[in-house]
Amino acid sequence: MEHTKHIWRAFLILGALGIALMCGRHFAVPDSFGKAGHYRYDSLKEMMSRPVVHGGSKSCKEGCHDHEERFAQYAKGKHQTVSCEVCHDPVTYHVKDGEKIADMNKRATFDLCAYCHRKIEGRPKTFPQIVFLDHLREQDVPITDEIPAGICFKCHDVHDPAIE
Ligand code: HEC
Ligand code: HEC
Ligand code: HEC
């Protein structure tokens with residue numbers, strides 16, 4: 001017995017740690033965890049209580065922009081899969097109860113294009129990507145130190161950007 005003391009001590013310490021762990025878990029894990037899967041069930045209600053801000057391109061069309069030439073262009077152009085709200089703002093910032101409440105944001109700078117078209121190795125090879133300076137040089141645009149903010153719009157219509 002005398003010679004096995006250290007083993008009992010180790011068991012005692014392990015047991016104490018186990019109990020501490022279970023107590024800690026009891027207080028740290030939220031009540032609704034595991035109710036319907038490996039996640040906190042109450043988070044669903046919290047997500048659902050957040051206001052809906054996006055309406056989708058359909059809301060712009062059905063709202064006011066259907067008659068515009070711009071929409072027809074967009075609908076057949078290369079950007080037809082890009083939602084209006086990606087480049088502008090969520091519709092609820094602009095319209096409330098059918099009334100216009102604020103101007104829509106329009107980010108007419110090359111940063112907007114860079115977001116999707118700047119060449120990044122990780123992007124699918126089939127997606128149109130450019131190195132901005134090379135692209136502008138190829139198009140004979142005289143570039144000094146800085147790229148002018150609105151340069152892409154000189155040649156590309158943002159709602160129908162392809163140049164045949
Ligand atoms: C790829 C980004 C992009 C998408 C997608 C897009 N827009 Fe635009 N839109 C812009 C930019 C940038 C401007 C400003 C262009 C300029 O000044 O030459 C603009 C301008 C406009 C304007 C003119 C605003 C003004 O004050 O002159 C309207 C209206 C508009 N867009 C509506 C729409 C609608 C409706 C959709 C969806 C059907 C849409 N846009 C989709 C980027 C986009
Ligand atoms: C949110 C992402 C997004 C933004 C922002 C965006 N584009 Fe696009 N663009 C796309 C997608 C998606 C396509 C369609 C790609 C395809 O057909 O494979 C496209 C296609 C194009 C094409 C046609 C390429 C071809 O196949 O001939 C051009 C040109 C273009 N975009 C220019 C622009 C310019 C200029 C801007 C900035 C004003 C811009 N894009 C902003 C997503 C975007
Ligand atoms: C002087 C005119 C001009 C300017 C300015 C210009 N482009 Fe272009 N762009 C073109 C032409 C023409 C083509 C089609 C021929 C080609 O692919 O080289 C094109 C093609 C593209 C393509 C498709 C490339 C592909 O691989 O299919 C993208 C994306 C694009 N431009 C984005 C931009 C962006 C972003 C800017 C702003 C930094 C910009 N362009 C500025 C004329 C221009």
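Numbering of ligands and ligand atoms starts at 1, following listing order. Numbers here simply count residues along the sequence, with the first being 1. Model, not experiment: these values are computed from the prediction.
Note: His38 and Phe33 have perpendicular aromatic rings, judged against thresholds of 30 and 60 degrees for the angle between ring planes. Classification of the His159-Tyr74 ring pair by plane angle, with boundaries at 30° and 60°, yields perpendicular. Ring pair His94/His65 is parallel by interplanar angle, where below 30° counts as parallel and above 60° as perpendicular.
Near Phe153, meaning under 4.0 Å from one of its heavy atoms, ligand 2 places the atoms 38 (C). Residue Val141 approaches ligand 3 through these ligand atoms, each under 4.0 Å from one of its heavy atoms: 1 (C), 5 (C). Near Ile151, meaning under 4.0 Å from any of its heavy atoms, are these atoms of ligand 3: 5 (C). Short contacts between ligand 2 and Val158, defined as distances under 4.0 Å to a heavy atom of the residue, involve ligand atoms 38 (C).
For Gln129 (side chain) and Pro124 (main-chain N/O), a donor-acceptor pair under 3.5 Å exists by modelled atom type. Glu99 contributes no side-chain N or O that, together with a main-chain N or O of Lys96, makes up a donor-acceptor pair within less than 3.5 Å.
Phe110 does not count as a contact of ligand 2, since none of its heavy atoms falls under 4.0 Å from the ligand.
Enclosure of atom NZ in Lys119 by more than 12 non-hydrogen atoms of other residues, nucleotides or ligands within 6.0 angstrom is indicated. Atom OH of Tyr115 has 12 or fewer neighbouring heavy atoms from other residues, nucleotides or ligands inside a 6.0 Å radius. When the shell of 6.0 Å around CZ of Phe71 is examined, it contains more than 12 heavy atoms from other residues, nucleotides or ligands.
Among protein heavy atoms, atom 42 (C) of ligand 2 sits closest to Val82 CG2, 3.6 Å. Considering only non-hydrogen protein atoms, atom 24 (C) of ligand 1 sits nearest to Lys106 CD, 3.9 Å. Here the heavy atom of the protein found nearest to atom 32 (C) of ligand 3 is Ile130 CD1, 3.4 Å. Of the protein's non-hydrogen atoms, the one nearest atom 16 (C) of ligand 3 is Gln139 NE2, 4.1 Å. For atom 5 (C) of ligand 2, the closest non-hydrogen atom of the protein is Leu112 O, 3.2 Å. Atom 23 (C) of ligand 1 has its closest protein heavy atom at Arg70 NH2, 3.4 Å. From the protein, the heavy atom lying nearest to atom 11 (C) of ligand 2 is Phe127 CE1, 3.6 Å. Counting protein heavy atoms only, atom 1 (C) of ligand 3 is closest to Cys155 SG, 2.7 Å. Nearest non-hydrogen protein atom to atom 4 (C) of ligand 2 is Cys116 SG, 3.2 Å. Nearest protein neighbour of atom 14 (C) of ligand 3, counting heavy atoms only, is Ile163 O, 4.1 Å. Of all protein heavy atoms, the one lying nearest to atom 35 (C) of ligand 2 is Cys113 SG, 3.6 Å. The shortest contact between atom 28 (C) of ligand 2 and any protein heavy atom is with Pro161 CB, 3.5 Å. The nearest protein atom to atom 27 (O) of ligand 2, hydrogens excluded, is given as Ala162 CB, 4.1 Å; this is a heavy-atom distance.
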Checking side chain to side chain contact (heavy atoms under 4.5 Å, CB included) for the pair Ile147/Phe132: CA distance, chi angles, key distance, verdict? CA-CA 9 Å; Ile147 302 179; Phe132 279 22; 4.0 Å; yes
Evaluate the side chain to side chain contact (heavy atoms under 4.5 Å, CB included) criterion for residues His117 and Phe127: first the C-alpha distance (whole Å), next the side-chain angles of each, then the deciding distance (0.1 Å), finally the verdict. CA-CA 8 Å; His117 291 292; Phe127 188 79; 3.6 Å; yes
Would you check, one step at a time, whether the test side chain to side chain contact (heavy atoms under 4.5 Å, CB included) holds for Asp134 with Arg137? CA-CA 5 Å; Asp134 293 352; Arg137 283 191 193 111; 4.0 Å; yes
Show your reasoning for whether side chain to side chain contact (heavy atoms under 4.5 Å, CB included) applies to Cys87 and Val158. CA-CA 10 Å; Cys87 298; Val158 68; 5.6 Å; no
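The proximity of Cys84 to ligand 1, defined as any non-hydrogen pair under 4.0 Å, involves the side chain as well as the backbone. Contacts between Pro128 and ligand 2, counted as non-hydrogen atom pairs separated by less than 4.0 Å, involve the side chain only. At a heavy-atom distance under 4.0 Å, no atom of Ile147 approaches ligand 3. Under 4.0 Å from ligand 1, the heavy atoms of Arg107 that appear belong solely to its backbone. With a heavy-atom cut-off of 4.0 Å, Val86 does not touch ligand 1 at all. Counting heavy atoms closer than 4.0 Å to ligand 2, residue Lys78 contributes atoms from both its backbone and its side chain. Under 4.0 Å from ligand 3, heavy atoms of Cys152 appear from its side chain as well as its backbone.
Note: no N/O pair closer than 3.5 Å links Lys154 and ligand 3 by distance alone. An N or O contact shorter than 3.5 Å links His135 to ligand 3 by distance. Annotation: His79 places no N or O atom under 3.5 Å from an N or O atom of ligand 1; distance criterion only.
Nearest N/O/S atom of His88 relative to atom 8 (Fe) of ligand 1: this is NE2. Checked against atom 8 (Fe) of ligand 3, the N, O or S atom of His156 at the shortest distance is NE2.
Under the 4.5 Å side-chain heavy-atom criterion for Ile, Leu, Val, Met, Phe, Trp and Tyr, Ile151 and Leu133 are members of the same hydrophobic cluster. Phe110 and Leu112 end up in different hydrophobic clusters when Ile, Leu, Val, Met, Phe, Trp and Tyr side chains are linked at under 4.5 Å.
The heavy atom nearest to atom 39 (C) of ligand 1, considering only Met104, His159, Lys61, His65, is found in His159. If you check each of Leu136, Ile143, Asp140 against atom 41 (C) of ligand 3, the one with the closest non-hydrogen atom is Leu136.
For a distance bound of 2.8 Å, the N, O or S atoms of His117 include one lying that close to atom 8 (Fe) of ligand 2. Among the backbone and side-chain atoms of Cys87, none of the N, O or S atoms lies under 2.8 Å from atom 8 (Fe) of ligand 1.
From His88, atom NE2 reaches atom CZ of Arg107 across 9.0 Å, with rounding to the nearest 0.5 Å.
When all heavy atoms of Ile143 and Pro148 are compared, the pair lying nearest together is CD1-CD, 4.4 Å. The heavy-atom pair separating Val53 from Thr92 by the smallest distance is O-OG1, 2.8 Å. Nearest approach of Pro90 to His54, heavy atoms of both residues: CG-NE2, 3.7 Å.
By the 4.5 Å heavy-atom criterion applied to side chains, Asp42 and Pro30 are not counted as neighbours.
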